[in-house]
Structure formats: structure tokens, C-alpha cells
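Every value quoted in this text rests on a predicted model; they were computed, and no experiment measured them.
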Amino acid sequence: CSDTGSDFHFPLFMTLVHLVIIFCFSTLTRFAMQCWMGKPRVTLPWKVYLSKVAPTALATALDIGLSNWSFLFITISLYTMTKSSAVLFILFFSLVFKLEEPNPFLILVVLLITSGLFMFTLKSTQFNLEGFIMVLLASFIGGIRWTLTQVLMQKAELGLQNPIDTMYHLQPLMFLGLFPLFLLNEGLSVSTTEKLFRVSELSHLLYSLLTLSVGGMLAFGLGFSEFLLVSRTSSLTLSIAGIFKEVCTLLLAVEFMGDKMSTVNWLGFAVCLSGISLHIGLKTYYNKGNGPMVRQLPVRDNPDLELPLLQTKDDYCEDTNDEEEHEILY
């Protein structure tokens, strides 16, 4: 949250700026796609928008906001390890929404991840309770967020299978959901800081805006890839796919940010990764037809849960003779 300077401590403001940038990029991309395909993009009516999209948008805003806010209190390594607990909450809500089939091996996965998290925080030399609670709360809300996102994107009747359309519809409500929290905690500080509205040197303002813009573009790319993965697989797959990212983040934090990790910390992280890796192996095993661990969403029997993704121009030409598939994709 301090990318724009050593004393730029406004994570909620940064998140709001990123949301605006993502919305602008999504709007421009939708316009370009509409011109290229010759068909209007989906736009949900207000009633459906508020009832179906609002819960996902609010959960997403709180997840991102609390995650960025926690960086004021904890180190990158502690954040990374604690945020990995989101897989537990995603698994829980996936079972609640019947997106995953109950399986005895899931208990072992949960125990490994929970034990690893406990070992990491038990002997952490840079532990901060306030920041830890923020990240843990963000992980819990993140479980709700990604489960709702999966349901939202996999309902063909809404027409939000395309990640660009999903991002376009989510950003406004995310902004409105996070804005009151920003006013309460950072509104006055942002108005009086010399980094922004009371700028004394133009170079400081330009540097802040440039860094925020770059972060917003990266956030757009990250969001697109996340939504694309969720639309095709599941929210749980997205969570466990972050193993490589978490390892790289921890290594970079220790190498360049001066984060300290003891042997117990590394052992706890290894145990946590073992649990996530076990889940990957089990999911792969059962997806090959050896057992019903993951509930496969029906495609032909229930068209409301079809998973079409980005459609190319050639694909569109082939589908013009099939009215039902044409309506689903658009």
C-alpha cells in the first residue's frame, strides 16, 4: 500500500483509484469488442443487477480493501501466509453452495492448512494482531466473494461468462461499497496530504498518479485472469493455483523487503503448501473419473450453468445458425 512513496499510507484510496481504472479499461474493451463483433454487450437491468451482482461486489470490495489496509500493520510474508487460509473458507462455502462434493480427504487438507497457518503465526517475530485479524477477515470474506463470483459467472442466464463483462458490472458497486469506509478512515488525511490534494511539488503528484495508474493496469490484468479462471473451473481452483505466487511473494519479501522468517515459519508454510498440494492431487485424481470429489456443473442438462468463455469472430459466425447458443453467449 506504500508503493507511491515511503509515506503514502492510503490503501483504501489506492483501491478506489484502481477500481476506477479497471472500470475504464473494461468499458473501453467492451466497446472495442462490440465494434469488432457487431453485437451489443450484455447490460443487466437494475433489478437483476442489484439482486445478483451487489452481494458479490460488496464482498469483493471488502476483501480487497481489508487486504490492502492490513499492509499498514503487517509484513508481506505474514500477509501472504495468512491470506492463504482463504482456501479453507472457499472450500467451506463451496460445500455450502454444493459446488464441491464432501470427501473425507478434505478433512486432512483442512487440518494441514490450519496447522501450517498456526505454526507460521506462533513464532513469528513480526506478528501484529490487528493486521492479522484484518487479513483473516479478508480471507473469510474472500471465501464468500469467490464462491459468489463462481455462481455469478456460471449462470448463463445472466450473460456474465466473459470476464470483461463481469468486471464492468462489478466495479461501480465495489466503489460505492468501499467509499464510505474510505471517507471514515482516510478522507481527511487524503485531503490534507502533500502527496495529493495539498501538493507542494508537481513531481510528487505526478509520481503518485503514475504509480497508482501502473498499479491499476496491473490490477486489471490480474482481475481478468482471475475471472477467466473462475469462469472455466472453480473458485477453489483459483485459490490453490496461487501456490506458486505465494512462494515467489515470500521469497521476494525475505530477499528484498527485509522480512524475517524463522525455521518454524518456513516449516508451517511447508505444511500449509502440503495441504493445498494434496487437494490439487486429489482433485486431479477424482476429475479423471476415479470418484466424485468435485461436483461437475452440467452443461447440456442445465443450460443455466454453461461455461462459455471468450468467443472469437470465427466462433460467432459458426454459431449464428444456433439461436439457443447465440443467446447464451451474448
Side-chain angles (χ1 to χ4, degrees), residues 1-5 8-27 44 46 49-74 79 82-83 86 89-90 93 130-150 152-153 160 163-193 195-197 208-209 211-227 230 235 238:
C1 62
S2 58
D3 292 339
T4 58
F8 190 90
H9 301 299
F10 307 110
L12 299 180
F13 175 78
M14 179 191 70
T15 304
L16 291 178
V17 173
H18 288 177
L19 294 179
V20 173
I21 293 175
I22 293 174
F23 179 75
C24 292
F25 272 93
S26 301
T27 303
L44 297 179
W46 279 106
Y49 182 57
L50 294 177
S51 62
K52 302 295 185 181
V53 180
T56 305
L58 181 60
T60 303
L62 291 176
D63 179 18
I64 297 175
L66 287 171
S67 296
N68 289 340
W69 198 357
S70 68
F71 278 119
L72 295 179
F73 306 96
I74 63 175
Y79 166 84
T82 308
K83 200 66 164 65
F89 302 112
I90 291 177
F93 288 109
E130 186 174 2
F132 175 74
I133 293 177
M134 282 187 178
V135 182
L136 204 59
L137 181 59
S139 297
F140 176 79
I141 297 176
I144 303 175
R145 165 198 178 184
W146 286 115
T147 304
L148 291 178
T149 299
Q150 180 181 348
L152 182 69
M153 297 190 70
L160 298 182
I164 296 297
D165 293 326
T166 303
M167 295 166 68
Y168 171 82
H169 283 84
L170 282 177
Q171 306 312 306
L173 287 177
M174 289 173 60
F175 186 95
L176 293 177
L178 199 58
F179 191 72
L181 189 61
F182 158 75
L183 288 180
L184 181 64
N185 292 277
E186 298 180 3
L188 182 60
S189 300
V190 169
S191 301
T192 57
T193 179
K195 289 288 183 180
L196 292 171
F197 297 115
S208 298
L209 294 178
T211 310
L212 287 171
S213 299
V214 172
M217 289 186 287
L218 293 175
F220 173 80
L222 177 62
F224 178 84
S225 61
E226 289 176 336
F227 288 127
V230 169
S235 55
L238 172 67

Q: Sub-3.5 Å donor-acceptor pair from the side chain of Thr60 to the main-chain atoms of Arg145, do we have one?
A: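 No, Thr60 side chain to Arg145 backbone: no donor-acceptor pair under 3.5 Å.
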
Q: A side-chain contact here means heavy atoms from C-beta on lying under 4.5 Å apart; do Thr149 and Phe227 qualify?
A: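 Yes; the side chains approach each other to less than 4.5 Å.
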
Q: When rounded to the nearest 0.5 angstrom, what is the spacing between OG1 in Thr166 and CD in Gln171?
A: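 So the gap between those two atoms works out to 10.0 Å.
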
Q: Within the distance-only criterion (no hydrogens, no angle test), does the side chain of Ser70 pair as donor or acceptor with the backbone N or O of Ser67 below 3.5 angstrom?
A: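 Yes, Ser70 side chain to Ser67 backbone: donor-acceptor pair under 3.5 Å.
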
Q: Should the ring pair Phe182 and Phe13 be called parallel, tilted or perpendicular, given that the plane angle runs from 0 to 90° and is split at 30 and 60?
A: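 Taking Phe13 first and then Phe182, their aromatic rings sit tilted (interplane angle of 30° to 60°).
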
Q: Verify ring pair (Phe, Tyr, Trp, His ring centres under 6.0 Å) between Phe140 and Phe93, making sure each step is shown before the conclusion.
A: CA-CA 10 Å; Phe140 176 79; Phe93 288 109; 5.6 Å; yes

Q: Rounded to the nearest 0.5 Å, how far apart are CG of Leu183 and CG of Leu12?
A: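 Here the interatomic distance stands at 10.0 Å.
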
Q: Tell me whether His18 contacts the main-chain N or O of Ala219 through its side chain, where contact means a donor paired with an acceptor under 3.5 Å.
A: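 No.
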
Q: How many angstroms lie between CD1 in Ile22 and CE in Met174, if you round to the nearest 0.5 Å?
A: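 Ile22 atom CD1 to Met174 atom CE measures 6.5 Å (nearest 0.5 Å).
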
Q: What is the distance from atom CG of Leu62 to atom CG of Leu178, rounded to the nearest 0.5 Å?
A: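 Going from CG on Leu62 over to CG on Leu178, the span is 7.0 Å.
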
Q: Taking the side chain as everything from C-beta on, heavy atoms only, tell me whether His169 gets closer than 4.5 Å to Leu44.
A: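 A side-chain contact exists here, since the closest heavy-atom pair is under 4.5 Å.
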
Q: Would you compute the distance between atom CZ of Phe89 and atom CG of Leu136 and round it to the nearest 0.5 angstrom?
A: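 It is 5.0 Å, given to the nearest 0.5 Å.
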
Q: Can you name the closest pair of heavy atoms from Pro55 and Leu50 and give their distance?
A: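 Residues Pro55 and Leu50, closest heavy atoms: CD-O, 4.0 Å.
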
Q: Are side-chain heavy atoms of Ser26 and Phe220 found at a separation under 4.5 Å?
A: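 In contact.
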
Q: Where do Gly143 and Thr147 come nearest, in terms of heavy atoms and distance?
A: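 Closest approach of Gly143 to Thr147: O-OG1, 2.7 Å.
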
Q: Using every non-hydrogen atom in the two residues, find where Ile64 and Thr15 come nearest and quote the distance to one decimal.
A: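 Shortest heavy-atom contact: CG2-CG2, 3.5 Å.
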
Q: Could you give the distance from CE (Met14) to CG (Leu19), rounded to the nearest 0.5 Å?
A: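 Interatomic distance, Met14 CE to Leu19 CG, rounded to 0.5 Å: 10.0 Å.
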
Q: Measure across Leu66 and Met134 and return the closest heavy-atom pair with its distance rounded to 0.1 Å.
A: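 Where Leu66 meets Met134 most closely, the heavy atoms are CB-O, 4.0 Å.
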
Q: I'd like to check Trp146 versus Val230 (side-chain heavy atoms, cut-off strictly below 4.5 Å). Are they in contact?
A: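 Yes; the side chains approach each other to less than 4.5 Å.
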
Q: Looking only at non-hydrogen atoms, find the nearest pair between Asp63 and Ile141 and report the distance.
A: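 Residues Asp63 and Ile141, closest heavy atoms: N-CG2, 4.1 Å.
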
Q: Are any non-hydrogen side-chain atoms of Leu170 and Val53 less than 4.5 angstrom apart?
A: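 Result yes, sub-4.5 Å side-chain heavy-atom pair found.
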
Q: Look at the aromatic rings of Phe179 and Phe175 and report parallel, tilted or perpendicular, splitting at 30° and 60°.
A: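 Rings of Phe179 and Phe175: parallel, as their planes differ by under 30°.
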
Q: Between Leu212 and Ile21, what is the shortest heavy-atom contact and its length?
A: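 Heavy atoms of Leu212 and Ile21 come nearest at O-CD1, 3.8 Å.
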
